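Each residue takes its place number in the sequence, starting with 1. Here the structure is a predicted model, which is why all the values come from computation and not from measurement.
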Amino acid sequence: MLSAVAIADKLGDIMIRNIFLALAGSGAVCSLPLYAQTTDLEEAAIVFGSREEIADISLSPSGNKLAYVSPVGNSTEAIYVVNLVASAEPVPITKYEEKTGQITSCDWATEERLVCTVFVTAKSGGMLLGFTRVLAVGDDGKEAKMLTERTSFRALGLKQDGGDVLSLDLDGDTNKILMTSQWVKESTIGTRLANDREGLGVDKIDVVTGRRTKVENPDADAIGYVADGSGEVRLKIRQPDTSSGYAADRLLFYFRLQGSNRWELLSRVNTDSQTYDGLYPVAIDSTQNIAYAFAQKDGHEALYTIPLEENGEPSLMMAREDADIDRLIRIGRDRRVVGASYATEKREIAYLDPELKALSQQLHQALPGQPLVNIIGASADESKLMIVAASDTDPGMTYLYDKATHQLEPLLPLRRFMDGREMGKMTPVSFPAGDGTMIPGYLTLPPNSDGKDLPAIVLPHGGPSARDEWGFDWLVQFFTARGYAVLQPNYRGSSGYGSEWFGKNGFQAWETAIGDVNDAGRWLVKEGIANREKLAVVGWSYGGYAALQSQVLDPELYKAVVAIAPVTDLEQLRSESMRYVSGKLVDAFIGSGDHVRTGSPARNAEKFQSPVLLVHGDLDQNVDIAQSRVMKNKLENAGKRVEFLEFENVTHSLGETEVRIAMLKKVDDFLASNLAQ
């Protein structure tokens with residue numbers, strides 16, 4: 001039997017064998033679903049369950065080439081390269097066929113070489129572990145090189161972290177990138193050459209030869225580094241471990257003066273698994289010698305700048321009274337900060353660059369349907385920009401904008417197989433909770449519906465530290481295509497609305513969050529949108545927890561419950577989390593008290609009245625499948641109606657096309673058979 005370390009070492013061999021299988025000359029690979037001669041349900045499940053065609057996309061330094069990752073069939077992915085100058089067809093150069101993993105990104109390191117990251121989920125020692133590996137390959141699919149160092153047979157631990165690319169362009173260093181590197185201690189038995197260091201460091205790596213040069217020594221407490229635009233490491237993030245081996249509840253951010261080797265403390269941040277307080281630096285601007293950082297201001301997340309100098313005082317850059325500033329907008333190969341983003345009824349971008357601001361506004365007005373416009377890439381000189389435009393009824397199109405000619409050229413749709421389909425429009429709404437608080441959300445009605453007396457679904461989001469936003473949602477559109485009205489409530493406990501709205505979080509204050517979810521269903525009925533006897537609740541992850549827990553508060557409200565990858569027992573979640581280094585953080589997020597019992601659906605199964613469908617994959621790192629298995633057993637022992645759809649070798653996202661199709665068909669059948677006819 002292979003040891004855990006040997007498994008990790010073998011993982012690299014599997015990847016290098018399976019990822020880079022040359023396809024040059026094999027012809028285009030069709031990834032479009034075929035659904036001729038199918039029923040309406042089968043067609044809808046195939047169309048909306050199929051993975052989007054563009055999983056990741058990147059523009060070369062010259063702006064003359066395009067690389068993108070696209071699914072092929074059920075679980076395989078291929079990397080395609082397009083010569084934009086020659087107006088050539090996409091050429092598949094490599095593919096990845098490992099069922100339990102996926103290519104997560106591919107970037108151009110040079111005009112001829114790509115750097116790609118693969119994520120794989122593996123079982124080791126009874127635990128589900130995630131592994132990343134970084135590889136380089138030519139734009140013809142040849143000369144593949146593993147950039148993640150292989151694990152020695154003497155290693156005393158697992159190398160899960162394959163490295164993060166910090167910089168694609170290093171001043172004066174051709175073919176070199178900057179990348180983090182995880183060091184693992186080795187056994188010293190029988191050798192004097194074993195490595196005795198551990199932690200995260202930084203290497204300079206040649207993407208052609210694979211040769212590496214150490215830039216930063218490994219730090220056992222480091223969890224990340226940030227480089228500036230010139231490729232100099234300027235920021236280090238440390239998370240000191242407690243004596244028990246669990247990650248501590250604080251982060252320490254250190255900076256360096258330009259040209260200095262000495263680290264100086266910049267800020268301290270307290271954190272649990274989903275929230276934080278303090279100045280949280282995320283990016284460096286070397287031209288201004290500042291760090292961009294997020295922090296709380298008057299109960300909302302705001303954006304600050306901090307001078308990278310001794311005793312530098314933070315300055316407020318952007319804040320709102322009605323929403324959290326929660327994202328940086330960055331473009332180009334040096335990830336230049338050009339703005340920040342926040343969501344009110346729709347997501348908006350506040351550009352710092354006047355030229356980009358004007359361009360974004362012009363494109364928003366000019367493109368059909370006035371979609372949201374995002375600049376997602378740029379050539380090295382930023383003369384060419386890659387743009388994605390999408391809306392609630394449009395899955396999205398990628399464009400290339402040439403500043404010199406002012407031409408906007410459509411490139412690739414994100415979901416070509418949905419072209420021509422009429423979608424349901426997503427409308428921002430608000431409804432009153434039981435205590436009078438107005439709860440924001442989004443209502444999507446079936447196309448051409450009068451919006452009255454419909455079968456309806458309340459669809460709470462996951463997280464709980466998340467929120468729903470206006471935009472395309474494949475699950476929502478599947479339900480509206482099947483005739484359901486869908487309401488997505490941003491219940492109290494959602495993020496994006498400030499610390500007061502988030503409260504104690506959706507577990508510790510479950511009664512408030514789930515009360516809002518139930519009030520969403522009552523509002524649909526009161527407004528005449530939903531037929532009372534055809535009202536269901538469906539959720540994924542925390543949303544699945546909310547769907548189940550809604551029965552504990554009001555077992556008669558929803559006539560059918562669907563919970564996908566749900567948390568069902570908070571104490572069990574705590575116990576499962578303690579197997580990982582983040583266990584203490586999850587423990588703090590769950591908290592202690594009677595809410596752990598009353599807020600666990602599996603411990604209140606006797607209260608359920610409506611039929612339940614559980615859906616889960618057995619490679620779920622986010623929520624262990626044991627949560628659904630326990631819920632099923634508890635409901636059966638209480639004499640309740642429950643069905644369980646379990647998928648083998650499938651992760652939290654149910655990311656395979658065949659799996660999603662099967663899931664959608666099962667959910668549709670379950671709802672149709674359990675809602676009153």
Side-chain angles (χ1 to χ4, degrees), residues 123 126 128 457-460 462 506-507 510-511 514 517-518 521 533-577 590 594-652 654 659-660 662-677:
K123 293 180 179 179
L128 289 177
I457 293 169
V458 172
L459 186 67
F507 286 137
W510 72 265
E511 287 181 285
I514 307 306
V517 170
N518 283 356
E533 301 304 318
K534 297 182 180 181
L535 182 63
V537 60
V538 179
W540 201 318
S541 196
Y542 178 89
Y545 163 85
L548 294 169
Q549 193 66 3
S550 69
Q551 284 280 292
V552 177
L553 280 187
D554 187 347
E556 297 182 355
L557 177 62
Y558 297 112
K559 309 308 178 185
V561 177
V562 177
I564 305 167
V567 171
T568 68
D569 189 307
L570 298 185
E571 196 58 59
Q572 181 178 327
L573 177 63
R574 190 200 314 276
S575 176
E576 292 163 351
S577 301
I590 294 173
D594 193 51
H595 72 273
V596 176
R597 177 187 59 80
T598 61
S600 295
R603 299 188 180 211
N604 294 275
E606 71 283 353
K607 295 183 178 180
F608 280 60
Q609 292 187 19
S610 300
V612 173
L613 171 64
L614 300 166
V615 182
H616 221 129
D618 69 351
L619 286 185
D620 191 331
Q621 282 186 278
N622 299 62
V623 181
D624 196 289
I625 193 171
Q627 293 275 338
S628 283
R629 290 171 176 167
V630 165
M631 190 74 221
K632 174 179 178 291
N633 291 337
K634 293 288 188 179
L635 287 171
E636 287 179 338
N637 291 340
K640 308 300 180 179
R641 294 168 290 171
V642 59
E643 299 179 42
F644 187 19
L645 179 61
E646 183 174 329
F647 291 106
E648 185 177 0
N649 292 327
V650 174
T651 62
H652 188 69
L654 306 184
V659 168
R660 286 191 174 181
M663 182 267 290
L664 291 178
K665 292 171 70 173
K666 176 61 178 178
V667 170
D668 187 276
D669 286 340
F670 175 81
L671 294 177
S673 62
N674 285 289
L675 298 181
Q677 300 300 313

Exercise. Start with the C-alpha gap between L548 and F608, add the side-chain angles, then the distance that decides, and say whether side chain to side chain contact (heavy atoms under 4.5 Å, CB included) holds.
Key: CA-CA 9 Å; L548 294 169; F608 280 60; 4.0 Å; yes
Exercise. Take N518 and Y558, measure what side chain to side chain contact (heavy atoms under 4.5 Å, CB included) needs, and give me the verdict at the end.
Key: CA-CA 8 Å; N518 283 356; Y558 297 112; 3.2 Å; yes
Self-check item: Residues S610, Q551; criterion side chain to side chain donor-acceptor pair (under 3.5 Å); working and verdict
Solution: CA-CA 8 Å; S610 300; Q551 284 280 292; 3.3 Å; yes
Exercise. For D620 and I625, run side chain to side chain contact (heavy atoms under 4.5 Å, CB included): C-alpha distance rounded to whole Å, both residues' side-chain angles, the deciding distance at 0.1 Å, then the answer.
Key: CA-CA 6 Å; D620 191 331; I625 193 171; 5.6 Å; no
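Proximity of a side-chain donor or acceptor of T568 to a complementary backbone N or O of P601 within less than 3.5 Å is not detected. Checked by atom type and distance alone, the side chain of S600 pairs as donor or acceptor with a backbone atom of L570 at under 3.5 Å. Using modelled atom types, no side-chain atom of R641 and backbone atom of E636 make a donor-acceptor pair closer than 3.5 Å. Listed for the N604 side chain is a donor-acceptor partner under 3.5 Å among the backbone atoms of R597. A donor-acceptor pair under 3.5 Å is formed between the side chain of S550 and the backbone N or O of A547.
Salt-bridge annotation for D669 and K666: absent, with no side-chain N of the basic residue lying under 4.0 Å from a carboxylate O of the acidic one.
Other residues, nucleotides and ligands place no more than 12 heavy atoms under 6.0 Å from the NZ atom of K634.
For the pairing with L645, the side chain to side chain contact (heavy atoms under 4.5 Å, CB included) check across L614, V615, I564 returns one residue only, V615.
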